[in-house]
Protein chains: 2
Amino acid sequence: MKVRKLSYICIMEYQEAKEKFISTWGSLGTLWGINKAMAQIQALLFISTKPLSMEDIMEQLHISRGNTSMNLRQLMDWGIVTKELIPGERKEYFTTEKDVQELARIIAKERSRREIQPVVKVLKEVSSIRDDGTKKTQELIKQTKALYDLTETADAMLNKIVNQQQNWITKSLIKLIK
Amino acid sequence: MKVRKLSYICIMEYQEAKEKFISTWGSLGTLWGINKAMAQIQALLFISTKPLSMEDIMEQLHISRGNTSMNLRQLMDWGIVTKELIPGERKEYFTTEKDVQELARIIAKERSRREIQPVVKVLKEVSSIRDDGTKKTQELIKQTKALYDLTETADAMLNKIVNQQQNWITKSLIKLIK
DNA sequence: TCGAACTTTCAAAAATTATTGAAAGTTTAT
DNA sequence: ATAAACTTTCAATAATTTTTGAAAGTTCGA
């Protein structure tokens with residue numbers, strides 16, 4: 001009886017923590033441009049000990065089949081989630097990249113490609129207009145050029161960071177992943 | 001006549017470039033969680049050679065008075081835009097931080113405070129639940145702890161970068177700001 | 001204290017984005 | 001070739017976010 005009670009408490013603790021994590025990660029997703037469902041699916045897979053089917057995901061997150069399908073597809077486009085075929089099973093199962101370092105690398109690369117690069121392109125264009133000598137044109141050129149350089153530098157830095165660390169991130173992960 | 005035609009062309013070039021910049025910066029805003037109007041107002045001020053009034057902004061961006069007022073207020077909350085009182089004028093005028101380096105510093109600091117810190121808090125909480133020995137609890141703990149460390153590290157890095165560079169960003173700006 | 005010149009607020013409307021669910025599509029075993 | 005077991009698509013709907021505009025609020029000079 002004591003044990004049963006204890007066990008019950010443990011499950012609650014786990015469930016609560018899990019839900020908190022999924023929902024927080026989900027709302028963070030919204031902030032950096034991926035939708036809630038997508039971020040939650042990733043979160044769910046991230047803490048799951050085994051691959052999950054579409055049914056599993058639908059059920060645990062209470063989202064529709066269509067929504068699950070579309071967001072899984074997007075996660076696969078990002079290269080964050082992969083299909084896992086289980087022999088003898090008709091269903092498809094999904095897993096996410098479990099190594100946060102690799103996850104960060106993928107996300108940084110994708111965001112750079114999808115979001116930063118197009119902006120850099122426009123900044124370069126705008127900062128290259130002909131200087132007609134007016135003050136306002138010169139201001140436009142100067143400021144967009146400054147932003148262009150900043151953005152490029154930030155992007156280069158981001159890539160550098162996520163590619164060749166070995167010190168920053170790895171250090172803290174070594175003790176956890178073992 | 002020749003001059004007038006030329007001048008006309010210059011204005012078009014400037015206008016087109018300006019609009020392109022404002023609209024691109026506006027849509028980038030959406031991607032990182034600030035709305036279009038807010039980003040566009042900042043963009044407009046950023047390339048303006050003199051402080052602008054609410055009327056100026058409303059007119060140039062074709063947005064309503066209410067919208068302008070609310071978004072200017074938000075930009076001031078972020079510390080990116082400041083009121084400029086012009087002696088003898090009743091109207092309020094606005095300017096934005098013109099140094100991109102300082103701008104980046106402010107934005108990074110605000111984003112860390114508003115978005116990253118709350119997530120770090122939850123990750124810490126979740127990764128501190130009692131380990132009941134089950135595989136799934138251990139996975140939850142391990143993975144959220146890894147994310148916690150990653151997020152904290154990324155945040156620390158962000159702050160480090162925007163505070164004490166002198167090499168990366170500054171280098172490219174020196175030649176521009178002079 | 002009044003009123004003109006501004007700014008702010010906020011409920012309603014518009015625009016955008018996410019979600020649903022059922023029909024269409026696909027794959028595989030027999 | 002068929003049917004069962006799945007997945008994908010997409011038009012309709014729901015939810016959320018942004019924008020408007022007019023009323024309320026503020027400030028200042030006379």
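Note on naming: letters A, B, ... go to the chains in the order of the sequence lines (proteins, then strands), and numbering restarts at 1 for each one.
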inquiry  = Could you tell me how far apart B:His62 (NE2) and D:dT20 (P) are, to the nearest whole angstrom?
reply    = 11 Å
request  = Could you pick out which residue, B:Ala37 or A:Lys91, lies toward the 5' side of DNA chain D when each is mapped onto its nearest nucleotide?
outcome  = A:Lys91
query = Is A:Arg65 salt-bridged to A:Glu55, cutoff N-O under 4.0 Å?
reply = yes
inquiry  = Expressed as a whole number of angstroms, how long is the span from A:Ile41:CD1 to C:dT19:C1'?
reply    = 12 Å
Value in whole Å for how far the P atom of D:dA22 lies from CE of B:Met58 = 12 Å
note = Nearest heavy-atom contact between B:Thr96 and B:Ile80 is OG1-O, 3.0 Å
task = In plain terms, say whether A:Glu125 and A:Lys121 are close enough for a salt bridge, that is, a side-chain N and a carboxylate O under 4.0 Å apart.
result = yes
inquiry  = Side chains of B:Gln40 and B:Trp25 only: does a donor on one sit below 3.5 Å from an acceptor on the other?
reply    = no
note = Atom CD of B:Glu92 and atom P of D:dT26 are separated, to the nearest Å, by 14 Å
ask   = Once you round it to whole Å, what is the distance between P of D:dT17 and CE of B:Met38?
value = 15 Å
message = Rounded to whole Å, please give me the gap between NZ in A:Lys83 and C1' in D:dT7.
response = 8 Å
ask   = Looking at A:Lys98 and B:Glu139, does any basic side-chain N land under 4.0 Å from a carboxylate oxygen?
value = yes
request  = Check each residue of residues 67-82 of chain B for a non-hydrogen atom within less than 4.0 Å of any atom in DNA chain C, then write out the ones that pass by number, or none.
outcome  = B:Ser69, B:Met70, B:Arg73
Nearest-nucleotide pick for A:Lys36, side chain only, options being D:dT18, C:dT19, D:dT8 = C:dT19
ask   = Between B:Glu97 and B:Val81, is any pair of side-chain heavy atoms under 4.5 Å apart?
value = no
ask   = Closest to the B:Met54 side chain: C:dT20, D:dT7, C:dT7?
value = C:dT7
ask   = Is any side-chain N of the basic residue among A:Arg130 and B:Glu13 closer than 4.0 Å to the acidic one's carboxylate O?
value = yes
inquiry  = Could you tell me how far apart B:Glu55 (CD) and C:dT8 (P) are, to the nearest whole angstrom?
reply    = 13 Å
remark   = Result for 5'-nearest mapping on DNA chain C, choosing between A:Gly66 and B:Gly66, is B:Gly66
ask   = Starting at the 5' end of DNA chain D, which residue's closest nucleotide do you reach first, B:Arg65 or B:Arg90?
value = B:Arg65
query = Nearest-Å distance, CD1 (B:Ile57) to C1' (D:dT19)?
reply = 16 Å
